A.B. asks: 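Encoded as structure tokens, here's the structure I'll be asking about.
Just so it is clear, the structure is predicted and the values come from calculations on it, not from any experiment.
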Protein chains: 2
Amino acid sequence: MATIDDVSKRAGVSRSTVSRVVADNGYVSDEKRRAIQKAIAELGYRPNTLAQALRSNRSNMIGAVVVDVGTPYFANMVYGLQRATRKAGKALMVSSGYADQDEEARAIIELVDRSCDGILLYLERPLRADVVEIIRAAHIPVVMIGRMGCEVARGSVQLDNFGGARDAVGFLLEQGHRRIVHLSGQADFGDTAARLEGIGAALAAHGMDMADIKVVNGEFSQEFGYSATMALLDEGHDFTAIFAGDDDMAAGVLLALRHAGKSVPQDVSVIGFDDAFHARHLWPPLTTIRQPVDEIGETAANLLLKLLGEPGSAMLQNTIGTSLVVRDSVGPASH
Amino acid sequence: MATIDDVSKRAGVSRSTVSRVVADNGYVSDEKRRAIQKAIAELGYRPNTLAQALRSNRSNMIGAVVVDVGTPYFANMVYGLQRATRKAGKALMVSSGYADQDEEARAIIELVDRSCDGILLYLERPLRADVVEIIRAAHIPVVMIGRMGCEVARGSVQLDNFGGARDAVGFLLEQGHRRIVHLSGQADFGDTAARLEGIGAALAAHGMDMADIKVVNGEFSQEFGYSATMALLDEGHDFTAIFAGDDDMAAGVLLALRHAGKSVPQDVSVIGFDDAFHARHLWPPLTTIRQPVDEIGETAANLLLKLLGEPGSAMLQNTIGTSLVVRDSVGPASH
DNA sequence: GGACATTATGGGATCGATCTCACATGGGAG
DNA sequence: CTCCCATGTGAGATCGATCCCATAATGTCC
């Protein structure tokens, strides 16, 4: 591997001058510039990123920790991150935190130690105190994605859970549904609260309130969607539509309805949330609220890049809107 | 951030001795070791990874380029990579090549420049000549995943396409199917050839040969699955089972059959390949050949780690087996 | 008791870049 | 004719570690 010294010798100049050409700053005569560029091309010289980073204290690398890269949801988010960072000419390094505080801490510290210029976090657990201290000591800007806040964050990007839930229920109401069930996620998630407010807003717009909807708390899983639906049917609950907290739940709901001999959307309408990868593969194809996950990632990364550009700036916030994806699982209310 | 010099001053020893304690090699008296460990703890010292890598020429970082991290398939593969590298205490840096030769080249060069100790590649295009030279000059071991070979590779991991296809068709034959259609991927893929051989083996085991199966070449997409099936039905082709080249195709096949009023598996059986994320969400849930993608990634990473341990070793090969996942889309042949 | 290995420690070069500073030109303003 | 500023170049310190080598103390063997 050719070094900057090899280039300088070949071009008959000093290291400093080569550095100026490579970094494109300072004064260099056209004559020497050409000689240096020629030498660079002939030797196939590419600067050693490690040495650059060590000396200049900037690695041109962005770190990210998400819950699990192996999951379609976060893979999609990483796609967005990569799109933004690549455009800015920065490398991206991603780790998984696996919803475990110590794993998350380990991943973050690794990124700090590798001298990332900035860090993006989608966490499931609050940051460990020592990690907060480490980030702070390293003066690394942090942008949080999603529900979890954090004291060191200089920016954050969130989904418009309020608007999404409002639109979902609003759509059902427009289709004439009045007996709606909402299968909700864990009650202690910040998202859940925002969605309930959104549901309230939709109901209010039709002269109704939360008393007019049944909310069942559970968890984001197909199993819960299935069992909750079966329980509702067993107890003879009278509903014409279900708003599932996410598309996994919705998949369980559809399965339960089929097993119970109900047809969708003739007997019951179902709407999901996320527009997950499998939503269009369900039967019937799922009407759902699209969460632009890649856009969330891209926005967060751009926000971080902005923060890197102007160090002293204030806290930056950003909310990403949802959209209604109409497929076949919602129809007009029967009778 | 505390440096090794801070630690050495605080503990009253030289840099060298601190380095010995941190790296846990060479001779250090218990007394000084304790003093140094105390100083490290008090200062919260963590070695600067960049400086370590620069001097020692080992970054403890593994690079990987896959087609697209944003895709469930490769996300799953990355999950496997991460599992192996993390266990070995190495960091992982992943990029997408987006099935474009120049993008792939860019991503690889980036990884080389960041001084990765080894590189894992799942490529769609042959390596550009200059990239081959760069990798060779940097003496970085490379492991290839999947179909694409490469002259610099020191190891490779592949799926057992032969066995997978043999098992798929074998299963259909056992269920009594004799009029089978295979929707195949691009004919120029290495995978496709291996699968055709596997199909031949299954047929041979039942005293049949390739003349007894209809093969339609196309591409791995839901759209092709749909249109090909419709075409077969339109021309009145008489078949009882379809073996789709992947689960996306299979989704299209199921949709086409439903639109044509055929029921699965009563009228037609369908088997897929991959066990993709959405396979169990299809209706009926798809019987398919499971491709253990994460295991492929994990195996490849372990192979690379082994290569790093013993530099002079020979070319390492590895084939990952498939398994049959029985769900509901295949039934006994009718009449 | 001298030769030699083992244990223990520090000094200083080194990895490959950046960056500050000193210094040398040349041209335009006063 | 100075003075000063813009332009152009190189020497050498520096980033934070590793690693080779010199040196010294101690123990062991013949």
A.B. asks: Using modelled atom types and a 3.5 Å cut-off, is there a donor and acceptor pairing between side-chain atoms of A:Asp117 and backbone atoms of A:Ile62?
C.D. replies: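 Pair absent, no side-chain N/O of A:Asp117 close to backbone of A:Ile62.
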A.B. asks: Picking from D:dG10, C:dG16, C:dC19, which would you name as closest to the side chain of A:Ser56?
C.D. replies: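 It is C:dC19.
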A.B. asks: Please determine whether a side-chain nitrogen or oxygen atom of B:Thr17 lies at a distance below 4.0 Å from atom OP1 or OP2 of C:dG10.
C.D. replies: yes
A.B. asks: Does either side chain, that of A:Gln317 or that of A:Ser156, offer a donor lying less than 3.5 Å from an acceptor on the other one?
C.D. replies: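 A:Gln317 vs A:Ser156: donor-acceptor pair found between side chains.
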A.B. asks: In terms of side-chain heavy atoms, does A:Thr17 have a donor or acceptor partner in A:Ser14 at a distance below 3.5 Å?
C.D. replies: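 Looking only at side-chain atoms, A:Ser14 and A:Thr17 do form a donor-acceptor pair, the distance falling under 3.5 Å.
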A.B. asks: Using whole Å, what does the distance between atom P of nucleotide D:dA11 and atom NZ of A:Lys9 come to?
C.D. replies: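 My rounded result for the distance is 12 Å.
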A.B. asks: What integer distance in Å separates B:Asp5:CG from D:dT18:P?
C.D. replies: 12 Å
A.B. asks: Let me know the distance between CD of A:Glu31 and P of D:dT7, rounded to the nearest Å.
C.D. replies: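 Nearest whole value for this atom pair: 18 Å.
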A.B. asks: Can you tell me the distance, in whole Å, between the CG atom of A:Leu50 and the P atom of D:dT18?
C.D. replies: 13 Å
A.B. asks: Which one, C:dT18, D:dA17, C:dT7, comes nearest to the side chain of B:Tyr27?
C.D. replies: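 Side chain of B:Tyr27 sits closest to C:dT7.
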A.B. asks: In whole angstrom, what separates A:Leu54's CG from C:dC15's P?
C.D. replies: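 Going from CG in A:Leu54 over to P in C:dC15 covers 14 Å.
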A.B. asks: I need the CG-P distance between B:Asn57 and D:dC19, as an integer number of Å.
C.D. replies: 10 Å
A.B. asks: Would you check if there is a donor-acceptor pair between the side chains of B:Ser96 and A:Gln82 at a distance under 3.5 Å?
C.D. replies: yes
A.B. asks: Is B:Ser19 close enough to D:dT18 that one of its side-chain N or O atoms is under 4.0 Å from OP1 or OP2 there?
C.D. replies: yes
A.B. asks: Tell me what B:Val13 touches on the nucleic acid: a base, only sugar-phosphate, or nothing, going by heavy atoms under 4.0 Å.
C.D. replies: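 Answer is sugar-phosphate: B:Val13 comes under 4.0 Å of backbone atoms only.
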A.B. asks: How close or far is atom P of D:dT7 from atom NZ of A:Lys32, stated in whole angstroms?
C.D. replies: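 The answer, rounded to whole Å, is 18 Å.
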A.B. asks: Salt-bridge test for B:Lys306 and B:Glu310: reply yes if a basic N is under 4.0 Å from a carboxylate O, no otherwise.
C.D. replies: no
A.B. asks: Closest approach to the side chain of A:Arg55, judged atom by atom: which nucleotide of D:dT18, D:dA13, D:dT9 is it?
C.D. replies: D:dA13
A.B. asks: Output the rounded distance in Å from CD1 (A:Ile4) to C1' (D:dA11).
C.D. replies: 14 Å
A.B. asks: So what does B:Ser16 touch, heavy atoms closer than 4.0 Å: a base, only the sugar-phosphate, or nothing?
C.D. replies: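 Here B:Ser16 touches the bases of the nucleic acid.
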A.B. asks: Taking only side-chain N and O atoms of A:Thr3, does any of them lie within less than 4.0 angstrom of OP1 or OP2 on C:dG16?
C.D. replies: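 For C:dG16, neither OP1 nor OP2 has a side-chain N or O of A:Thr3 closer than 4.0 Å.
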A.B. asks: Want to settle it: does A:Arg15 or A:Val28 sit nearer the 5' end of DNA chain D, counting the closest nucleotide to each?
C.D. replies: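 Looking at the nearest nucleotide for each, A:Val28 comes out on the 5' side.
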A.B. asks: Which of these nucleotides, C:dT9, C:dA17, D:dT9, is closest to any side-chain atom of B:Arg20?
C.D. replies: C:dT9
